[in-house]
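Chain letters run A, B, ... following the sequence lines, proteins first, then strands; residues in each count from 1. All of these numbers come straight from a predicted model, not from anything done at the bench.
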Number of protein chains: 2
Amino acid sequence: MCKRLYFCIQIEKMKRITINDIAKNLGVTASTVSRALAGNTRVSLRTRELVLAKSKELGYQQNVLASSLRKGTSGTIGMIVPRINRHFFSNVISGVEEILNPTGYTLLITQSGENLAKEQKAVDMLLANHVGGIIISLSVQTQSYEHIQRAIDRGVPLVQFDRINPDIKSSKVINDNFTGAYLATKHLIKSGYKEIGHFTGTLSLNAYGERYRGYAKAMSESGLKINESFVYKDTITREAGYNAIVNALKEENKPDAVFCAGDYAALGVLDGLKEMGIKVPDEFGVVGFANEPFSELIHPTLTTVEQNAFEMGVRVATAMIKNMEGKYDQEIETISTRLIVRDSSWRG
Amino acid sequence: MCKRLYFCIQIEKMKRITINDIAKNLGVTASTVSRALAGNTRVSLRTRELVLAKSKELGYQQNVLASSLRKGTSGTIGMIVPRINRHFFSNVISGVEEILNPTGYTLLITQSGENLAKEQKAVDMLLANHVGGIIISLSVQTQSYEHIQRAIDRGVPLVQFDRINPDIKSSKVINDNFTGAYLATKHLIKSGYKEIGHFTGTLSLNAYGERYRGYAKAMSESGLKINESFVYKDTITREAGYNAIVNALKEENKPDAVFCAGDYAALGVLDGLKEMGIKVPDEFGVVGFANEPFSELIHPTLTTVEQNAFEMGVRVATAMIKNMEGKYDQEIETISTRLIVRDSSWRG
DNA sequence: GTATTTTGTGCAAACGTTTGTATTTTTGTA
DNA sequence: TACAAAAATACAAACGTTTGCACAAAATAC
């Protein structure tokens, strides 16, 4: 086992300081100590000060497990995101932490990896850990919702964000995908493109559905017709974007611009265009969605729609706390989005 | 509170199924159920099957809190990283999850935000939650280590990774920063640059110290002298990289290449060079460290050192499990790094 | 047939809190 | 001084498990 003897150390079971130790030490009972630590005014100021001093002296640290067990609620909130390393999600997480940390709630973060089975497991794990609530953004795969319902049936507050299912009864926070997509498409139109395509994800996911609607609205409003052969679904990765644009430009009727429902797909599109020697934005316009960090670093810089991820996290956490306090409400909150115009689309 | 009355639902305290419910239902005691669920052969096969069936029927889910309280160990592992949205760290996390998930351990992820106070708080939070172990990568700010020692003193297994303090007695997993930096610098030398600078972080952090050593070794080995005025510390952000290069090129003696201890700084350097109209790689060579996703997307593409983050996560988790099983050992594991040559440095 | 082992189960305490109720102490009032 | 009210503290049960020990029944050995 151990490479050398002197590397091995006997880890003795550390005796933790409990409220009983403090109680014995001060000649009071555990209940008094408990109340004193909670700041309960039913114990005299003198005793409270004594307890606080002694607990500091002994290095007392509350056993959250015991506390949660007794109180029946764990002060832990579970969060399930598709991928932790997506700019958008990690910023939502930061927003959630911003609100949760000061309140003493602990955040348990897990990734579904865009995989339904892992998402289901994650929910069960969180339930087993008796989390006080669950925050979730659905994986692209997720088409069955028993696991979500299971959580709700247990009475665990649920907040959905970004990738939501509108039919599930829970608080929801979403981006204004519709307006973002609408503005993006309008911008392409104003920039003089006529044959505007749309590369998107699974339309059954609310976020992508709304983006499609925004795109469609802008088109019809400007009297442009959507050519359905310019609309590619399940096209959200770099590779898929590349394949789609290569494919689209082989056809008789070619688009002269494309609004992608994600920056990665837009990146793939730019790859393809560069390879084919097509000039951006002169000959072809590209707009993405999400404002991934790379979007302003690539050449040409990518016009995209910014989602206010941090703000969304803040709202999500706030909604969760409200829910946990029993003020359950099903309202959908919408976070505004913003078009960021860069080089890939503007030929004003 | 609630906007409309029909949105408000009375969340009744859901009565969870406990082992007692199963016990009563089957006419046995809770202890038998507990043992049966644990697969203890001291209870008859028949009873075990009965219990399993009934628990499935009633939808029993273990109360992890009660179990942890009784057993004195929580099956939860805490992980503290500086920033969750750094490519490197989120990949380490994925690696850790890869190992931990199948074992049933739960991972509690927190960010220190490169901030000592938050890091200390995070440690205390994890201790209060009675985690079975702590995985940590230190923040750049961290110069005092009482909080780390506190955890060790409690007998909580600790694994440090990447940003470690070698003096703390714990398992450690690090990148081969030395070799990575050595190869990067050698490469610049081979590419014909002579006045090679180095932009780095806090040298007291092991990772940066080692990179400096690798840089120095390559230089001296090739008979080149390090010009200390070309070495900039605390230069790991884009902005700092920009400022440093602008500053460095104002001086009489100018570097003609720079090895940055991070890709973000290298990005800032490229910004500065572009602004000053200096051609890369013809007039100036740049190498980064970390292989951030953007490094292959920018123009010119950035030569950098790849760290095997996922592999590191796997090793970290493995070390942690070993530790938790009492096989404590202090060995330092090293994960290999690899130079990726791109356009920013090669004028072979 | 009795003595011993094996096997399966029950009992009860423990983990460290919290909290409703009971009890003691203090304070105020007549 | 006596008595009620208020304040401070103690008591004990509970949260849902796990686990050492006790015990009964069945199986085996002599």
### A/R46 CZ to C/dT27 P, straight-line distance once rounded to whole Å
12 Å
### Task
With heavy atoms under 4.0 Å as the rule, sort B/V28 into base, sugar-phosphate or nothing.
sugar-phosphate
### Message
So, does B/T32 get its side chain near the phosphate of C/dT9, meaning an N or O under 4.0 Å from OP1 or OP2?
### Response
no
### Task
Using atom CD1 of B/I19 as one end and atom P of D/dT19 as the other, report the distance to the nearest whole Å.
11 Å
### Query
Reckon A/S31 touches a base, only the sugar-phosphate, or nothing at all at heavy-atom distances under 4.0 Å?
base
### Task
Would you confirm whether B/Q120, through its side chain, and B/H147, through its main-chain N or O, come within 3.5 Å as a donor-acceptor pair?
no
### Task
Could you check whether B/S67 gets within reach of a base, just the sugar-phosphate, or nothing at all, counting any heavy atom under 4.0 Å?
sugar-phosphate
### Message
Any donor-acceptor pair under 3.5 Å linking the side-chain atoms of B/N101 with those of B/E97?
### Response
no
### Task
Rounded to the nearest angstrom, tell me the gap between atom CG in A/N63 and atom C1' in D/dT17.
14 Å
### Query
Does any N or O donor sit under 3.5 Å from an N or O acceptor when you compare the side chain of B/R35 with the base of C/dT9?
no
### Task
Could you check whether B/T41 gets within reach of a base, just the sugar-phosphate, or nothing at all, counting any heavy atom under 4.0 Å?
sugar-phosphate
### Given B/E333, B/E98, B/E331, the one that forms salt bridge (Lys or Arg N to Asp or Glu O under 4.0 Å) with B/R315
B/E333
### Side-chain (A/S67) to main-chain (A/N63) donor-acceptor, under 3.5 angstrom
no
### Summary
Any strand, both distances under 3.5 Å, Watson-Crick or G-U wobble: C/dA22 pairs with D/dT9
### Query
Where does the angle between the aromatic ring planes of B/F161 and B/F88 fall among parallel (under 30°), tilted (30 to 60°) and perpendicular (over 60°)?
tilted
### Task
Starting at atom CG of A/L50, determine the distance to atom C1' of D/dA8, rounded to an integer number of angstrom.
14 Å
### Task
Find the distance A/L37:CG to C/dG16:P and express it as a whole number of Å.
15 Å
### Query
A/L26 CG to D/dA8 P: how many Å, rounded?
17 Å
### Message
How many whole angstroms separate atom CG of A/N40 from atom C1' of C/dT17?
### Response
15 Å
### Task
Using only heavy-atom distances, decide whether a donor-acceptor pair under 3.5 angstrom links the side-chain of A/T18 to the base of C/dC15.
no
### Query
Side-chain donor or acceptor of A/S68 under 3.5 Å from a matching atom on the base of D/dC15?
no
### Task
Establish, from distance only, whether the side-chain atoms of B/T29 and B/T32 form a donor-acceptor pair under 3.5 Å.
yes
## Note on the structure
Heavy-atom nearest nucleotide on DNA chain C taken for B/H130 and for B/T47; more 5' hit belongs to B/T47
### Query
C/dT21 base to A/R42 side chain: any donor-acceptor pair below 3.5 Å?
yes
### Query
A/T29 near the nucleic acid: base, sugar-phosphate alone, or nothing, with a heavy-atom cut-off under 4.0 Å?
base
### Summary
To the nearest angstrom, the CG-P distance between B/L69 and D/dT19 comes to 12 Å
### Query
If each of B/N20 and A/S44 is mapped to the nucleotide of DNA chain D with the nearest heavy atom, which maps nearer the 5' terminus, i.e. the 5' end?
A/S44
